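Step one of this worksheet: look at the structure below.
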Amino acid sequence: MQLHRERRHFDALGINIILVGMGTLKQAELFRKVHGITFTIICDPHKNLYRAYQLHSAGVTGIVSPRVLISGLRALGKGHLPGVPAGDVLQLSGVFIIDVNAVIRYAHYSKNIADHPSAGELLRDIYRLGIHSGGAE
């Protein structure tokens, strides 16, 4: 997972990363083990956070499109095999940067299942927005 490979950069800026998924605690622990993840994971099988942050579901083009296909082939080429999905497979994701005052400073709403900002893009936006603390946020 790219975010985890870049964790030291986020840690140096005082940025905590929390992952949210629709799986069970057991599925989250398996995900953590398989991918070597040490981030906090919140299990949200009822999609309460997805609704609270107004994340949308994908239509047909959000699942089957050239971009999604190319992204999937790239992942396969890097040895990433798809796992068994947990929860709503049409649910799109998002990335939010929330400051210490609980204000959303950055929001990325995925347009399809392959639409995720890279760690580099997130770091660039953290600097651009001036929301890093160098270890205190």
Side-chain angles (χ1 to χ4, degrees):
M1 171 178 249
Q2 183 189 26
L3 277 177
H4 202 267
R5 286 191 304 271
E6 300 297 331
R7 180 172 188 151
R8 69 184 184 286
H9 297 295
F10 291 99
D11 287 348
L13 296 172
I15 304 293
N16 294 315
I17 295 176
I18 299 172
L19 306 177
V20 177
M22 289 177 273
T24 63
L25 182 58
K26 185 176 179 179
Q27 290 167 321
E29 287 304 318
L30 179 61
F31 178 82
R32 180 190 311 281
K33 183 178 179 183
V34 167
H35 297 284
I37 301 297
T38 59
F39 297 135
T40 298
I41 299 176
I42 296 174
C43 298
D44 186 19
H46 301 292
K47 300 185 353 178
N48 295 320
L49 288 170
Y50 292 86
R51 281 191 298 282
Y53 284 86
Q54 301 175 1
L55 293 164
H56 302 288
S57 291
V60 173
T61 58
I63 298 171
V64 182
S65 71
R67 181 175 175 172
V68 172
L69 179 62
I70 290 167
S71 178
L73 290 173
R74 279 190 192 128
L76 283 172
K78 293 178 181 176
H80 302 291
L81 299 174
V84 177
D88 181 356
V89 296
L90 298 177
Q91 179 64 60
L92 293 174
S93 63
V95 176
F96 301 91
I97 299 175
I98 303 167
D99 69 18
V100 295
N101 297 312
V103 174
I104 297 173
R105 301 288 303 276
Y106 169 94
H108 174 87
Y109 292 87
S110 296
K111 295 174 182 60
N112 60 57
I113 60 172
D115 181 19
H116 309 285
S118 70
E121 290 168 325
L122 289 172
L123 288 165
R124 181 196 66 223
D125 288 335
I126 288 166
Y127 277 108
R128 181 180 55 82
L129 293 167
I131 54 178
H132 57 88
S133 66
E137 193 166 339

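Just so we're clear, the structure is a prediction, and the values are computed from it rather than from any experiment.
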(message) For a quick test of reading the model, state the closest non-hydrogen atom pair linking A119 to E6 and the distance between them.
(response) CB-CG, 3.6 Å
(message) Return the CE to CG distance between M22 and D88, rounded to the nearest 0.5 Å.
(response) 5.5 Å
(message) Any non-hydrogen side-chain atom of I37 less than 4.5 Å from a side-chain atom of L19?
(response) yes
(request) First locate atom NE2 of H116, then atom OG of S110, and finally report the distance between them rounded to the nearest 0.5 Å. (result) 5.5 Å
(request) Taking the side chain as every heavy atom from C-beta outward, state whether L92 and K111 have any atom pair closer than 4.5 Å. (result) no
(message) Tell me if a side-chain donor or acceptor on Y53 pairs with a main-chain N or O of V95 at a distance below 3.5 Å.
(response) no
(message) How long is the straight-line distance from CG of L3 back to OG of S118, given to the nearest 0.5 Å?
(response) 9.0 Å
(message) Taking the six-membered ring for Trp, are Y109 and F96 closer than 6.0 Å centroid to centroid?
(response) yes
(request) Would you indicate whether the side-chain heavy atoms of I98 and R105 approach each other to under 4.5 Å? (result) no
(request) Search all heavy atoms of G23 against all heavy atoms of P45 and return the closest pair with its distance. (result) O-CD, 4.2 Å
(message) For D11, run the side chain to side chain donor-acceptor pair (under 3.5 Å) check against R7, R8, H9 and tell me which one passes.
(response) R7
(message) Quick one, Y50 and V20 - any side-chain contact, counting heavy atoms below 4.5 Å?
(response) yes
(message) Under 4.0 Å between a side-chain nitrogen and a carboxylate oxygen: does that hold for E29 and R32?
(response) yes
(request) Hey, can you tell me if H108 and Y106 have their rings parallel, tilted or perpendicular (30° and 60° cut-offs)? (result) parallel
(message) Ignoring hydrogens, what is the shortest heavy-atom contact between N112 and A114? Give both atom names and the distance.
(response) OD1-N, 2.8 Å
(request) Could you tell me whether the side chain of Q91 and the main chain of H56 form a donor-acceptor pair under 3.5 Å? (result) yes
(request) Kindly compute the distance separating SG (C43) from CG (L49), expressed to the nearest 0.5 Å. (result) 11.0 Å
(message) Tell me whether T40 contacts the main-chain N or O of I18 through its side chain, where contact means a donor paired with an acceptor under 3.5 Å.
(response) no
(message) So, taking the atom named CD1 in I131 and the one named CD1 in I15, what distance separates them when rounded to the nearest 0.5 Å?
(response) 5.5 Å
(message) Once rounded to the nearest 0.5 Å, what's the spacing between atom CD1 of I97 and atom CG of N16?
(response) 12.0 Å
